[in-house]
4 protein chains.
Amino acid sequence: MVRKRVPEQHEGRRQEILAAAHRCFLRHGLQGASISMICKEAAMSPGHLYHYFPSKDAIIEQMADEYLASLHSHFSGHPEGEQTATVLLSELWSMKGWDDLGHCRILFELLAEAGRNERIRAILKENTDGVRTLLTEALTAGQARGEVDSALDPKHTSAVLVAVLDAAPMLPLMTADLNFEESRKLITTMVGRFLKPQQ
Amino acid sequence: MVRKRVPEQHEGRRQEILAAAHRCFLRHGLQGASISMICKEAAMSPGHLYHYFPSKDAIIEQMADEYLASLHSHFSGHPEGEQTATVLLSELWSMKGWDDLGHCRILFELLAEAGRNERIRAILKENTDGVRTLLTEALTAGQARGEVDSALDPKHTSAVLVAVLDAAPMLPLMTADLNFEESRKLITTMVGRFLKPQQ
Amino acid sequence: MVRKRVPEQHEGRRQEILAAAHRCFLRHGLQGASISMICKEAAMSPGHLYHYFPSKDAIIEQMADEYLASLHSHFSGHPEGEQTATVLLSELWSMKGWDDLGHCRILFELLAEAGRNERIRAILKENTDGVRTLLTEALTAGQARGEVDSALDPKHTSAVLVAVLDAAPMLPLMTADLNFEESRKLITTMVGRFLKPQQ
Amino acid sequence: MVRKRVPEQHEGRRQEILAAAHRCFLRHGLQGASISMICKEAAMSPGHLYHYFPSKDAIIEQMADEYLASLHSHFSGHPEGEQTATVLLSELWSMKGWDDLGHCRILFELLAEAGRNERIRAILKENTDGVRTLLTEALTAGQARGEVDSALDPKHTSAVLVAVLDAAPMLPLMTADLNFEESRKLITTMVGRFLKPQQ
DNA sequence: TATGAATGAGGGTTCATTCAT
DNA sequence: GATGAATGAACCCTCATTCAT
């Protein structure tokens, strides 16, 4: 019974490292953050860190995977077909993590890395595909119910919607005169008008 | 007389370095690309490179500045007020550089860097502000002519439009089933419906 | 009674570790093989390994000792004085281990290490001295029987013979056109002519 | 004219590094010697050393190549066919480097490394082949003149002779009672009797 | 007996930058 | 204007070893 806890400790330590790495990556970028910085942040010696992860790349990859999974996790759990894509989008905005745009700035690190690192690109694609599948189904269902413009290709549209969603953290970098709530409303409006059946 | 040409040579050399740096940054990222790589790409010794730029940061900053300026340069030169924002957007898409989504992936490097580097953030904001000013004026003129929904705040809307524009290079990272032309059409549709006056 | 077996297990485990270490040393060299590699090869945790050996050096030293002892073990057991040195040499060649020249390549590791490590040098010398003593006696007896050239100093000659013997694993490193059997015959011929009384 | 010296300086620096590395390898082995040790020995910063060699392996390989080449260089320059292999062997012994058996102990490092490192093995073989070719020719010529036993295969014999030669540095590791001059005489005797035509 | 968490010094290598020529 | 020698701190990672359990 008591022994059972050991693997949990191991996994717990891994999560601590990932969290420490996330903070360092935010401050210095994926490449700018060094192993020794992450070790300091995780209060751990460099030798020990390598008992949990075989390389810095492995840390980045798992961090990317878990981060993207958590970003998109709010979609699952919704009773399928009960809502339009518009609602889905709107809910996506309110999910955990998105209320801290600073924290999710790491998405840009991943996008930049994905442009030149095949493995990160695969992780990004895999996680994005999950959301796109859900969005595609929601759009198709919405079209069947006459709530979504039938002229739109559901699959392509889902890609555009995800891109729009991911572009959100860009706003505070460009401007100080637009807060989170206002930009959320504007984008929701844009998507709403985009999807609405045209008469 | 003869001496007059020297500063031009100097400027030409600087541009060569910036172009070489751009290629390296694309391949390895802002932090991953090293001075020695840039030197090799520019066929130049490291000592000599430092005659043109005082530091790697200076290279990144000027590269960022010129890159963003060129991205947005198509807006200037248009007789003001003659076109709707929709047209502007559509033209933006056809500008130099955007036809090579791969090449403009460097935007993500800059967005990531802007999140943690004040100077890059300032450069990004400065360049974005130029486009936003033009877009804001075009939107206001469009509203006056009844071509743009008057309910939209022109300033805020311009920010969203720029964000949407900058999100475009994301698409090829997410999906292989959506080519440049199709995504351009979809986004143009979305923006068109967004801005159209609602009856 | 039951407890009696424990020390045997202990010794068995030590031998397993030494065998695992030997394999690692062959693949990566004395310095290139790490404790963690040896642990993996021996299917044992590092903490546990240190219950059997106090240090990596201790492993190397005991491995060296047992390896050299086994190399030379065929000499003992022979009824003293009954055979000439030539026969001894010839038998040495057929002993266990020498038929796998790859396996005995580790001798070079030990020779290299002996050049700079006093303790290994002592182990090498101690084991070599044992063979040299036997060879010296055999040579002396051979001289008494007129089968060995009396002009040769038995002690010095024994050193040369051991060196010739130890040089054998070098051959496959130099050439592919000379197999074990042929080189064995050639060396036996050389030693035979060397020792034979000159008329 | 003055400029001509620059590449010579470069080559000179490389040779200094190789000499420093050789000393370190002698003291600590190929793997035991660290780059920082070599840098200290060569009075050079680690960053600078990598302007001359791309890796530690490259240092080892060039050192091996030049060391082996110098070991065997005394053979060339002899008017072909004028001497027996015995004389060749005897001269080999007096060549530069062999009078310092300590210094040439590095041969064992190379033999050990050759056992598990393909590139070192190739370098060893290449250099050995040069000597074997010369020895083979000398043996063949000696057989034609009746000075060498015709029953011996010249090619195989040359391999054995090189192995015997390379085994020499082993002697001072095994024993203190046999000096360089005595062991040289004994080995020369052995080889002489080996090659002599049997009546 | 046996584990694997933990250390921190050191491994080979690359870095941005400076300077003498 | 142009070179490349030179630095040494920092890079990611591995090491032999110890210790609590």
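Throughout, protein chains are lettered first and strands after them, A, B, ... in sequence-line order, and every chain is numbered starting at 1.
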- For A/Q31 and B/A33, indicate whether the former's side chain and the latter's backbone hold a donor-acceptor pair under 3.5 Å.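 Here the side-chain-to-backbone pair does not exist.
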- Query: Hey, does the side chain of A/K40 reach the backbone of A/S45 with a donor-acceptor pair shorter than 3.5 angstrom?
  - Reply: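 Not at all, since once roles are kept as given, no pair shorter than 3.5 Å links the two residues.
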- Return the orientation label for the D/H22 and D/Y67 ring planes: parallel under 30°, perpendicular over 60°, tilted otherwise.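 D/H22 vs D/Y67 ring planes: perpendicular.
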- Message: My understanding is that only residues two or more places apart in sequence, or in another chain, count here; which of them pass salt bridge (Lys or Arg N to Asp or Glu O under 4.0 Å) with C/E16?
- Response: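 C/R13.
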- Task: Could you tell me which residues satisfy salt bridge (Lys or Arg N to Asp or Glu O under 4.0 Å) with D/R121, sequence neighbours excluded, listed by chain and number?
- Result: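 For D/R121, no residue satisfies salt bridge (Lys or Arg N to Asp or Glu O under 4.0 Å) once neighbours in sequence are set aside.
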Separation of [X] atom [atom1] from [N] atom [atom2], in whole Å?
{"X": "A/H28", "N": "F/dA10", "atom1": "NE2", "atom2": "P", "result": "13 Å"}
{"X": "C/L49", "N": "F/dC19", "atom1": "CG", "atom2": "P", "result": "16 Å"}
{"X": "C/L30", "N": "F/dC15", "atom1": "CG", "atom2": "P", "result": "15 Å"}
{"X": "A/I38", "N": "F/dC11", "atom1": "CD1", "atom2": "P", "result": "11 Å"}
{"X": "A/I60", "N": "F/dC12", "atom1": "CD1", "atom2": "C1'", "result": "11 Å"}
{"X": "A/Q9", "N": "E/dA6", "atom1": "CD", "atom2": "C1'", "result": "13 Å"}
{"X": "B/M44", "N": "F/dT3", "atom1": "CE", "atom2": "P", "result": "7 Å"}
{"X": "D/H10", "N": "E/dT21", "atom1": "NE2", "atom2": "P", "result": "19 Å"}

Name each donor-acceptor pair under 3.5 Å that joins a side chain in residues 112-119 of chain D to protein atoms two or more places apart or in another chain, with its distance.
| from | atom 1 | to | atom 2 | distance (Å) |
| --- | --- | --- | --- | --- |
| D/E113 | OE1 | D/R116 | NH1 | 2.7 |
| D/E113 | OE2 | D/N117 | ND2 | 3.1 |
| D/R116 | NE | C/E109 | OE2 | 2.9 |
| D/R116 | NH2 | C/E109 | OE1 | 3.0 |
| D/R116 | NH2 | C/E109 | OE2 | 2.5 |
| D/N117 | OD1 | D/R119 | N | 2.9 |
| D/N117 | OD1 | D/I120 | N | 3.2 |
| D/R119 | NE | D/E61 | OE1 | 3.2 |
| D/R119 | NE | D/E61 | OE2 | 2.8 |
| D/R119 | NH2 | D/E61 | OE1 | 3.0 |

- Quick one: is D/R13 getting a side-chain N or O under 4.0 Å of the F/dA6 phosphate, OP1 or OP2?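 Answer is yes, contact under 4.0 Å.
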- Item | Secondary structure string for DNA chain E (Watson-Crick or G-U under 3.5 angstrom, | for other-strand pairs) | .||||||||||||||||||||
- Task: Kindly state each residue pair satisfying ring pair (Phe, Tyr, Trp, His ring centres under 6.0 Å) with at least one member in residues 29-48 of chain B, sequence neighbours excluded.
- Result: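 Pairs touching residues 29-48 of chain B that pass the test: B/H48-B/H51, B/H48-B/Y52.
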- Which is true for A/Y52 with a 4.0 Å heavy-atom rule: it touches a base, it touches only sugar-phosphate, or it touches nothing?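 If one applies the 4.0 Å heavy-atom cut-off, A/Y52 turns out to touch the sugar-phosphate alone, with no base involved.
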Under 3.5 Å, which N/O atoms of the protein pair with N/O atoms of nucleotides 13-16 of chain E?
| from | atom 1 | to | atom 2 | distance (Å) |
| --- | --- | --- | --- | --- |
| E/dT13 | OP2 | D/Y50 | OH | 2.3 |
| E/dT13 | OP2 | D/K56 | N | 2.8 |
| E/dT13 | O5' | D/Y50 | OH | 3.0 |
| E/dA16 | OP1 | B/K56 | NZ | 3.0 |
| E/dA16 | OP2 | B/I35 | N | 2.8 |

- Distance from D/L18 atom CG to D/I60 atom CD1, nearest 0.5 Å?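 One gets 11.0 Å once the value is rounded to the nearest 0.5 Å.
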- Gap between atom CZ of B/F108 and atom CG of B/L30 - 0.5 Å precision: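 Going from the CG atom of B/L30 to the CZ atom of B/F108 covers 13.5 Å.
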